Amino acid sequence: MQTEEEYSRIWNAHQGIAVRMARYYAGAETEPSDLVQEIAIQVWRALPGFRGEAQLSTWFYRVAPNTCLSHRRRKKNATLPLTALPEKAIDEAARIDQQSLLREIFRVAETFKPADKSLLLLLLEDLSYEEMAAITGMSVNHVGVRINRIRNKLKSIFSDGN
Amino acid sequence: MEIKDLQHVWQQQPVPQRQVRIGELRKKLRLYEQEEGKGSSLAGAIVMALFALAFAFLMIRRQESMWLILLAGAAFNSIWLLIRYRMIVRMPDAGTSPQAYLRSQLDRLRFSQRMRQILLVLMSAVVANTVVRTLAQGGDYALTPAELAGIGVFAAVAAVLAGILVWWYRTQHPWHEAEIEREIREILQDWEQSP
């Protein structure tokens, strides 16, 4: 039986992940704050089923993308063109000093296919290959190959004119 | 620009700290489920109205043996709606990997489609059987013009309701099944393809 204190403790420790993921996955017609709220609801609902087989952070990293995927599907945003810019996500993030770099990250992420987009997020979160494999269900080798490809793409994009 | 620099910028985003109130969360969860489950409830109401009409007709015609088949149909319908409701409201299955989540969604979608197909075949069989048996009765059981008109009205109302249901699913329901299935397949393929 989960308690309010237990949930609050977990949420407070991980809400940074939730906010960053919501900004990352928010489409042009979705407010990141709506996604954060939905992630909070899903975590509250799913927490009793957490059996401690994975680390709590790994579990949290799995909840958020699945929530974002279903949220966007329901909002019919799934067919957005791959190059579409998530303006609202950028607006939300624009408060920080390096807004242009974040804008570029969002733009690049939107050009990636779903699996690479998810892996890019985990790379930005600086997780190990093992953690990424645990979160995505891919093998460590598979993760390694894809991450190398993503790294090369990022290098080619961010070395030009940056 | 190194990857480390990108990671630094990404992780240094300011995150507003918000305390979550459980009461507020419960309230939002209720609203969320009501809102997201509305579609399935409406579809369920229309299908159940069809069943109610069929029941009423069969009772009037004293077709007791058909009640059981209709009951089975109603049960199929309930299970199908339950699956759809869970697909809409209870997703995502938190804590599973994206592949497992997508595969389970695809399985549920297929199962729900099978249920609907069985339901439609069953309902069609019941209606066809009833109409044929009714029309085939002769002698003392021959149909009066009023009864024939009743059958006509029943068939017309059932057809209109079925038409509304199909139209609603194709155009109004927020979940377009074919589109969802295609999208899930594409994403799953992307996740599972070898590097």
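Fair warning: this is a prediction, and the values are worked out from it, not measured in the lab. Lettering of chains follows the sequences in order, A, B, ..., and the numbering in each one begins at 1.
- Heavy atoms closer than 4.5 Å to chain A are found in the side chain of B:I3, but not in its backbone.
- Here B:Q11 contributes atom CD and A:R20 contributes atom CZ; the two are 6.0 Å apart, rounded to the nearest 0.5 Å.
- Separation of atoms CG (A:D126) and CH2 (B:W10) is listed at 13.5 Å; rounding is to 0.5 Å.
- The residue among A:V36, A:L123, A:D116 with the most heavy atom pairs within less than 4.5 Å of chain B is A:L123.
- Within the 4.5 angstrom heavy-atom criterion, atoms from both the backbone and the side chain of A:E125 approach chain B.
- In terms of heavy atoms, A:A115 sits closest to B:D190 at N-OD2, 2.7 Å.
- Taking a 6.0 Å sphere around CD of B:Q7, one finds it holds more than 12 heavy atoms contributed by other residues, nucleotides or ligands.
- Here the CH2 atom belonging to B:W191 is positioned 9.0 Å from the NE2 atom belonging to A:H142, to the nearest 0.5 angstrom.
- A:L119 does not touch chain B: none of its heavy atoms, backbone or side chain, sits under 4.5 Å away.
- Put simply, NE2 on B:H8 and CG on A:L124 are 13.0 Å apart, with the number rounded to the nearest 0.5 Å.
- B:L6 CG to A:K155 NZ: the interatomic distance, rounded to the nearest 0.5 Å, is 11.0 Å.
- Residues satisfying the salt bridge (Lys or Arg N to Asp or Glu O under 4.0 Å) criterion with B:D5, sequence neighbours excluded, are absent altogether.
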